Amino acid sequence: IGTANHKYMAHQIALLYQALSAPPLKQLPFKKRIEPQFDDLKKTTEQAAVPQLTDRQKQWLQELTADVMGTTLDFSSPASAPIRPFLSALVA
């Protein structure tokens, strides 16, 4: 988010959205948090030669990515259930 040009930010969020469609992440609320924000964010990135997200958009994106990372790195969460057998094998 610290970059001077956010031209491709909507594309990156679309990729994140697709990744969140994969099981077991699809049952988590992240996609529902992206959907209402996406059109506004896309408009912002398409309107200027060197687009910049608004402070509100930056804060929203920072909170979203922190929550996604926290959930996916929490190996006790349902999102990490498919990899737990592999983790157990590594620790054993």
Side-chain angles (χ1 to χ4, degrees):
I1 299 176
T3 181
N5 186 340
H6 296 138
K7 181 176 182 176
Y8 298 106
M9 194 61 67
H11 295 87
Q12 293 170 343
I13 292 171
L15 289 172
L16 174 62
Y17 185 87
Q18 289 302 317
L20 293 170
S21 297
L25 298 173
K26 67 181 179 181
Q27 79 268 12
L28 299 174
F30 300 122
K31 286 177 57 176
K32 291 186 186 324
R33 288 175 57 185
I34 294 172
E35 291 165 355
Q37 302 293 327
F38 187 77
D39 288 337
D40 185 45
L41 195 134
K42 188 175 177 187
K43 270 189 223 171
T44 299
T45 62
E46 292 176 341
Q47 288 182 348
V50 181
Q52 282 285 301
L53 299 181
T54 66
D55 288 340
R56 182 188 60 77
Q57 290 170 328
K58 289 178 190 177
Q59 180 179 356
W60 169 79
L61 186 55
Q62 288 172 334
E63 290 170 0
L64 174 71
T65 54
D67 290 347
V68 169
M69 288 176 56
T71 298
T72 56
L73 295 175
D74 175 7
F75 294 116
S76 65
S77 79
S80 65
I83 64 168
R84 277 194 213 117
F86 301 108
L87 293 173
S88 298
L90 291 173
V91 175

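Because the structure is predicted, anything quoted here is derived from the model rather than measured.
For the atom pair CD1 (Ile13) and CH2 (Trp60), the distance works out to 4.5 Å, reported to the nearest 0.5 Å. To the nearest 0.5 angstrom, Gln18 atom CD is 7.0 Å from Lys31 atom NZ. Expressed to the nearest 0.5 Å, how far CZ of Arg33 lies from CD of Glu63 amounts to 7.0 Å. For the atom pair CG (Leu41) and CZ (Arg56), the distance works out to 8.5 Å, reported to the nearest 0.5 Å.
Annotation: Phe38, atom CZ; neighbour count of heavy atoms from other residues, nucleotides and ligands within 6.0 Å is above 12.
You'll find the side chain of Leu28 stays beyond 4.5 Å of the side chain of Leu20, heavy atoms only. The side-chain heavy atoms of Leu64 and Leu16, taken from C-beta on, include a pair separated by under 4.5 Å. You'll find the side chain of Met9 reaches within 4.5 Å of the side chain of Leu61, heavy atoms only.
Take Lys43 and apply the side chain to side chain contact (heavy atoms under 4.5 Å, CB included) test, not counting sequence neighbours, and it matches Gln47.
Of all non-hydrogen atoms in Asn5 and Lys7, the two that sit nearest each other are OD1-N, 2.8 Å.
By the rule that hydrophobic residues join a cluster once side-chain heavy atoms approach within less than 4.5 Å of another member, Tyr17 and Phe30 end up as members of one cluster.
When atom types are taken as modelled, the side chain of Thr45 and the backbone of Lys42 share a donor-acceptor pair closer than 3.5 angstrom.
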